[in-house]
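Remarks on the structure that follows.
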There are 2 protein chains.
Amino acid sequence: MPVTLKDIAERVGYSITTVSRALAGYDDVAESTRQLILRTAQEMGYRPDATARRLRTRRTDTIGFVIPTHGPRFSDPFFSELLAGIGNEAARWELDLLVSTRAPGEEEIKAYERMVTERRVDGLLVVRTRRQDPRIAYLLEKGFPFVAFGRSDLEVDFPYLDVDGRQGMRELTEHLISLGHRRIGYISAPLDLMFASHRLEGYKDALEAHGIVLDERLVLIGQLTEQSGYEAGRVLLGRREPPTAVIACNDLMALGVISAAQSLGLQVGRDVAVAGFDDIPLAAHAQPPLTTVRQPIYEIGRRICRMLVELLREGSLREPHVILRPRLVVRESCGSI
Amino acid sequence: MPVTLKDIAERVGYSITTVSRALAGYDDVAESTRQLILRTAQEMGYRPDATARRLRTRRTDTIGFVIPTHGPRFSDPFFSELLAGIGNEAARWELDLLVSTRAPGEEEIKAYERMVTERRVDGLLVVRTRRQDPRIAYLLEKGFPFVAFGRSDLEVDFPYLDVDGRQGMRELTEHLISLGHRRIGYISAPLDLMFASHRLEGYKDALEAHGIVLDERLVLIGQLTEQSGYEAGRVLLGRREPPTAVIACNDLMALGVISAAQSLGLQVGRDVAVAGFDDIPLAAHAQPPLTTVRQPIYEIGRRICRMLVELLREGSLREPHVILRPRLVVRESCGSI
DNA sequence: AGTATAATCCAAAACGTTTTGGATGTCAAG
DNA sequence: CTTGACATCCAAAACGTTTTGGATTATACT
């Protein structure tokens, strides 16, 4: 029922070839016939069949993106913003975006295999890189084009964009130290996540630079959710010698810490300082507003998508490794305002 | 370079047809040759080319989903949870999920046209239905399969799943009335959003049932973001005769209202009651925890995806209209605990 | 022996597009 | 009148799969 090139060809009395070439803008079609064909195609409501085109060109004009979700009730403003950035940039290049949601593990790598081996996409975006990241190892082995948000500890080269979490966290920690804090709690994410380990390094850097010995008991591992931040916050702040400040390695957990502090009757910003990382929109509207480190999530989504486009179009990247410097955003939750 | 049926056929010495049929499990292939073919395919790492298969079968095994994003910095936990539900269900059925992000309007409808007319997907998921929803009108006109999350006011029938927002909001409002509130502020979303107008109806129902005349000045329109809720909250609570309770038609705005109240020195739960709608994970961890109406977002994602699968497989739905009843969740932000 | 039945296989067409490698006709220059 | 250049057109192949409609051979039954 949909209109095909053949239908148009029959109508105008030219061959399929000529119709195809007229629509594609080749100059070996007479201007008059081109006009006729264009007009007829328009009238008949012709739209090229994406699948047929793909089979012939061997390009899908689609990029893949597997969102790492943890647990059934996954809800993270970070990813919706990142997705918006990626999606809007993809639209600019008329690329489709194929999305899967998988928890890290067996099924996740299968989702990658499916996209790659069944040639469903031209390239992939890999986010939240991990130690010895099996996704990156796999894609490199297959020679499949991708761009990662985040570095890796694999002894291999691949294109990535990353935020200097170590530097950002170091600045944040030093800011707290400059406010007089010495016992600073830290809620990390699981350390196989590269960004978590970078940020933890930044925290340690700052302590060391100021001669503060790291108290291992002040460092906990959370799961990046508000619930998890709440629980860790209760633990840290419920200690006999509680920290005077708590840093969470993402904003969602920091919001949980604020909640935990308040549930213990502490006033955040006065009795205890709290800080996060990301600067999700919610951070500015927390009560009190959350001190954090801003990484431009939406922009990052656009940039990695843009990099992938360049990689697919040109075959290589002029700038395959990009490190963005995040920016400290001081608000009231750390009490210095 | 990828292995094709032809490669296998040459290796095992059978025709492409036989290889194809062996892999597809037809019973007109001898058991011994089937084994040989299966083994060889495995060894050679054969994976069928998705594009070729699609062209032949005229099915894409892909469903489309256009996320309505507002403004560049779009970040909404509601959508990441919905997406997780949809994505996980789609994975169960081995369906690909094609995602676009567009602000409502011209570009949005083009995204639909692209998916439909270029046959990129087999069916679509439409979320956040609107008055005279042009997307639904378009899809019905094209006779294209879709399932909506939300009803419409169009004089037409289509498959949908919806939450009874009117009933939910009515219960919530009555709860506040039962606590003694008479001046209840209400922050709606733009009323062309069906859910917004349903929820507003529920609010009005409750007022009327208790003989409270609606004060138009207590009803504002927000944009569903925390920022927007904050601003509306400041307006309402800054009045000379401020309301004693404020309901926002989604949780994100309610969190903004809490923030606004606190910025005005009010203690939420004591000086003013605040309530929302959705029960996003953040709601339980707000300070104070947010009274809200729970709609099971993740489950809804799964359900609408499941419905679309049934529609595509069976050609029709046994239960084309589903209305879920939401559940009131009373927490401390309305002061009754 | 001949004939129906079953088991196993496959050539070819089809899906709708793009691209290759000419074919045909026209016109100007020699 | 021939030649070459140019403008315009198109048949056919190709992309990799699924499916149609038999073909072939072996087996079982009169």
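Just so we're on the same page: letters track the sequence lines, and every chain starts at 1.
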- Atom pair CE (A:Met115) and CG (A:Leu139), whose distance is rounded to the nearest 0.5 Å: 11.0 Å
- Query: Where does the chain A footprint on DNA chain C start and end, counting 5' to 3' with a 4.0 Å heavy-atom cut-off?
  - Reply: C:dG16 to C:dT20
- Message: For A:Thr4 and B:Tyr14, find the nucleotide of DNA chain C closest to each by heavy atoms; which residue's nucleotide sits nearer the 5' end?
- Response: B:Tyr14
- Query: A:Glu141: what forms a side-chain hydrogen bond (donor to acceptor under 3.5 Å, both in side chains) with it, not counting sequence neighbours?
  - Reply: none
- Query: Do the side chain of B:Arg135 and the main chain of B:Val127 share a donor and acceptor less than 3.5 angstrom apart?
  - Reply: yes
- Task: Could you tell me whether B:Arg313 and B:Glu310 make a salt bridge, using a distance below 4.0 angstrom between a side-chain N and a carboxylate O?
- Result: no
- Query: Looking at DNA chain D, which of residues 39-62 of chain A put a heavy atom within less than 4.0 Å of it?
  - Reply: A:Leu55, A:Arg56, A:Arg58
- Item | Residues from residues 24-35 of chain B lying under 4.0 Å of DNA chain D - heavy atoms | B:Tyr26
- For the helix from C:dA1-D:dT30 to C:dG30-D:dC1, measure the angle between the helix axis at one end and the axis at the other, each built from five pairs, rounding to 10°. 70°
- Task: Working to the nearest 0.5 Å, report the span between NZ of A:Lys142 and CG of A:Leu140.
- Result: 12.5 Å
- Sorted by chain and number, sequence neighbours left out, ring pair (Phe, Tyr, Trp, His ring centres under 6.0 Å) with A:Phe158 holds for A:Phe146, A:Tyr160
- Query: Using a heavy-atom distance cut-off of less than 4.0 Å, which residues of residues 111-119 of chain A contact DNA chain D?
  - Reply: none
- Item | By side chain to side chain contact (heavy atoms under 4.5 Å, CB included) - contacts of B:Asp122 (at least two apart) | B:Arg59, B:Thr60, B:Asp61, B:Leu312
- Query: Excluding sequence neighbours, so at least two apart, what forms ring pair (Phe, Tyr, Trp, His ring centres under 6.0 Å) with B:His70?
  - Reply: none
Do any side-chain atoms of residues 22-36 of chain A form donor-acceptor pairs under 3.5 angstrom with protein atoms, and if so which ones, sequence neighbours left out?
{"unit_1": "A:Asp28", "atom_1": "OD1", "unit_2": "A:Arg21", "atom_2": "NE", "d": "3.3"}
{"unit_1": "A:Asp28", "atom_1": "OD2", "unit_2": "A:Arg21", "atom_2": "NE", "d": "3.1"}
{"unit_1": "A:Asp28", "atom_1": "OD2", "unit_2": "A:Arg21", "atom_2": "NH2", "d": "3.3"}
{"unit_1": "A:Glu31", "atom_1": "OE1", "unit_2": "A:Arg34", "atom_2": "NE", "d": "3.4"}
{"unit_1": "A:Glu31", "atom_1": "OE2", "unit_2": "A:Gln35", "atom_2": "NE2", "d": "2.7"}
{"unit_1": "A:Thr33", "atom_1": "OG1", "unit_2": "A:Ala30", "atom_2": "O", "d": "2.9"}
{"unit_1": "A:Arg34", "atom_1": "NH1", "unit_2": "A:Ala22", "atom_2": "O", "d": "3.2"}
{"unit_1": "A:Arg34", "atom_1": "NH2", "unit_2": "A:Tyr26", "atom_2": "O", "d": "3.4"}

- Name all residues meeting the side-chain hydrogen bond (donor to acceptor under 3.5 Å, both in side chains) criterion together with A:Arg114; count only those two or more places apart in sequence or in a different chain, and write none if there are none. B:Asp96
- Check ring pair (Phe, Tyr, Trp, His ring centres under 6.0 Å) between A:Tyr112 and all other residues, then give those that pass, not counting sequence neighbours. none
- Taking C-beta and beyond as the side chain, do A:Thr129 and A:Phe149 meet within less than 4.5 Å on heavy atoms? no
- Relative to the ring of A:Phe79, is the ring of A:Phe74 parallel (under 30°), tilted (30 to 60°) or perpendicular (over 60°)? tilted
- Identify whether the distance between the nearest side-chain nitrogen and carboxylate oxygen of B:Arg130 and B:Glu108 falls below 4.0 Å. yes
- Task: For residues A:Tyr138 and A:Phe144, establish whether the separation of their ring centroids is below 6.0 Å.
- Result: no
